2 protein chains.
Amino acid sequence: MTVIAADTPEKTISERAYRMIRAEIVSGDLAPGAKLKIEMLRQRYDMGAAPLREALSRLSGDRLVLLSGQRGFVVAPISAKEAADIGNLRKILEIEAIRQSIPLGDTAWEERLITTFHRLSRLEEGEDQGIDTLDEWEKQNAAFHGAIVAACPSDVLLQIRAQLFAQHERYRRFSRIKTVRNRAIHDEHDRLFEAALARDVDTAVEVTGLHIERTTAAVVAALEGEAPAAGQGAPQPA
Amino acid sequence: MTVIAADTPEKTISERAYRMIRAEIVSGDLAPGAKLKIEMLRQRYDMGAAPLREALSRLSGDRLVLLSGQRGFVVAPISAKEAADIGNLRKILEIEAIRQSIPLGDTAWEERLITTFHRLSRLEEGEDQGIDTLDEWEKQNAAFHGAIVAACPSDVLLQIRAQLFAQHERYRRFSRIKTVRNRAIHDEHDRLFEAALARDVDTAVEVTGLHIERTTAAVVAALEGEAPAAGQGAPQPA
DNA sequence: AAGATCAAAAATATCGATTTTATATTTGAC
DNA sequence: GTCAAATATAAAATCGATATTTTTGATCTT
């Protein structure tokens with residue numbers, strides 16, 4: 001979540017590295033705790049060490065990568081405790097962003113809201129499309145929630161919110177909880193959508209709070225059932 | 001605010017670069033909007049380009065540096081609007097951290113609290129020592145507020161809080177508002193200290209809220225009186 | 001066999017040089 | 001004289017190579 005002039009469409013190799021590695025960490029392709037050896041990344045992405053190290057440095061600020069003195073980079077490990085912390089914080093900040101956004105949304109904001117909700121609904125209500133529905137759902141889910149807060153005038157808030165959203169997404173995906181065609185989740189999205197359009201801030205806030213709380217609880221439960229902490233012990237391959 | 005194994009006492013040049021540049025930006029030695037040319041930094045700090053670029057990459061995640069596609073790095077500009085945003089957000093997060101910290105503070109926490117408050121008080125009540133009291137006050141102020149939230153169990157929260165604290169500090173210093181021997185500020189610190197020791201969360205939260213609100217208002221007023229936005233137009237020398 | 005010591009291998013961090021891109025300057029046309 | 005194109009300059013981004021540090025593995029000792 002580096003601050004970059006919004007108009008930065010991958011002008012540098014470093015930027016590409018940042019996005020690619022970030023995506024792979026969030027999706028779980030790079031497992032929690034996995035060692036990020038420069039040489040291995042060089043081959044994987046076909047670039048020099050410099051842009052990779054810059055990208056990893058930035059990612060460590062996003063809490064997706066851990067940087068340890070002369071010992072290199074590691075994908076941030078995962079724990080049930082942190083899942084809870086992230087959920088709690090994300091709730092607080094998402095709510096604040098919504099409070100600021102909804103009253104200021106203009107026509108373009110409404111239209112974007114409608115579009116993204118529609119796309120998300122199709123996935124949540126339609127027939128199961130098969131394999132990579134999850135990637136697509138995560139994308140549309142992020143777009144929908146992003147649309148709600150898009151009118152929030154505070155860049156600082158939006159940036160931190162986006163950071164937490166990404167961290168939360170990583171946990172959600174890692175925990176393999178059922179999201180894609182989950183009736184309760186879709187109901188909440190639906191209610192959130194209606195409240196936002198109706199400019200009913202209090203309801204939107206309430207629904208969002210519950211939405212995040214429920215998801216977080218499910219993630220924490222899944223992680224606690226599985227193991228106390230993943231990505232701490234023996235190294236996992238990428 | 002990169003995630004580094006807490007035990008990282010400047011093992012690398014990159015880490016040193018990060019800390020030094022960060023300190024200079026927060027203190028204002030590197031002015032808002034100033035161009036951060038690699039060659040100039042190389043000479044200033046006597047190191048190669050690689051560690052500098054890594055440090056700057058990390059700083060861009062802290063919103064202290066702005067990174068723009070093939071155009072290099074710039075010290076983040078400041079604006080009255082952002083001052084308000086940061087203050088607002090810092091209030092929310094500081095309060096949350098206090099809520100989590102105070103109930104969990106142990107004996108060591110209490111002792112640290114007492115020590116840091118004492119040191120801060122000496123500066124705020126004692127005779128004016130002269131020139132670099134401000135640096136010292138900022139240091140003790142940070143230590144005191146840090147001590148209050150030190151028992152907060154959420155690393156995520158503490159990290160983001162620290163980020164916002166640094167940003168807020170930069171604005172405070174830039175705006176040149178009177179902090180060091182300000183009666184109102186010392187009163188608030190005093191009340192906050194007592195409330196924390198007494199484990200009176202509600203009072204601590206209330207005082208902190210006011211404390212941050214008042215400071216932020218003063219900063220915003222100072223910035224609005226001065227200029228709409230600093231560090232946007234013609235380049236300022238470092 | 002467990003532990004310590006040393007040597008070899010691997011990986012990190014950094015440098016100096018090169019390539020690419022942006023900015024400033026000159027030149028020429030109208 | 002003003003604008004635009006062409007050129008020169010400066011800076012950013014990246015690479016390949018090297019120095020340093022950590023980790024691994026082997027050897028020796030008690």
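On a predicted model such as this, the values are computed, not experimentally measured, just so you know. A note on names: the letters A, B, ... follow the listed sequences, proteins ahead of strands, and every chain is numbered from 1.
Put simply, CG on L56(A) is 14 Å from P on dT14(D), counting in whole angstrom units. Rounded to whole Å, the distance from CD1 on I13(B) to P on dG16(C) is 10 Å. M47(A) has its CE atom 23 Å from the P atom of dT18(C), to the nearest Å. One interatomic measurement links the two molecules: CG of L52(A) to P of dA13(D), which rounds to 16 Å at whole-angstrom precision. Look at CD on Q43(B): it is 11 Å from P on dA11(D), rounded to the nearest Å. Atom CD of E39(A) and atom C1' of dG16(D) are 12 Å apart (whole Å). The CD1 atom of I38(B) sits 16 Å away from the C1' atom of dA17(C) (whole-angstrom rounding). We find that CG of D46(A) is positioned 14 Å from C1' of dG16(D), with the value rounded to whole Å.
In this structure, of dA12(D), dA22(C), dT14(C), it is dA22(C) that holds the atom nearest to the side chain of K11(A). Side-chain proximity of T12(B) to dC15(D), dT12(C), dT14(C): nearest is dT14(C). Residue K37(A) has its side chain nearest to dT12(C) when only dT14(D), dA11(D), dT12(C) are considered. Proximity note for R53(A) (side chain, C-beta onward) versus dA12(D), dT14(D), dA13(C): the nearest is dA13(C). Of the candidate nucleotides dG16(C), dT23(D), dT14(D), dG16(C) has the atom lying nearest to any side-chain atom of R42(B). Checked against dA13(C), dC15(C), dT12(C), the side chain of F73(A) finds its nearest nucleotide in dA13(C).
Summarising the geometry of C152(B) relative to L157(B), their closest heavy-atom pair is SG-CD2, 3.9 Å, with the distance given to 0.1 Å.
Both A49(B) and Q70(A) lie near DNA chain D, and the one whose nearest nucleotide falls closer to the 5' end is A49(B). Residue L36(B) is the one, among A50(B) and L36(B), whose nearest nucleotide of DNA chain D lies closer to the 5' end (criterion: closest heavy atom).
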Checklist entry - E138(B) and R172(B): salt bridge (charged side-chain N to carboxylate O under 4.0 Å, His left out), yes or no, with the steps? => result CA-CA 10 Å; E138(B) 288 291 355; R172(B) 221 185 312 154; 2.8 Å; yes
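Counting heavy atoms from C-beta on, the side chains of D62(B) and R22(B) come closer than 4.5 Å.
Contact check on R19(A) versus E15(A) returns a salt bridge, with a Lys/Arg side-chain nitrogen under 4.0 Å from an Asp/Glu carboxylate oxygen. With respect to the salt-bridge test (charged N to carboxylate O, under 4.0 angstrom), the residues R42(A) and D46(A) do not qualify.
At dA10(C), none of the side-chain N or O atoms of K35(A) fall inside 4.0 Å of OP1 or OP2 (strictly under the cut-off). Applying the 4.0 Å criterion to OP1 and OP2 of dT23(D), one finds that R71(A) has a side-chain N or O inside that range.
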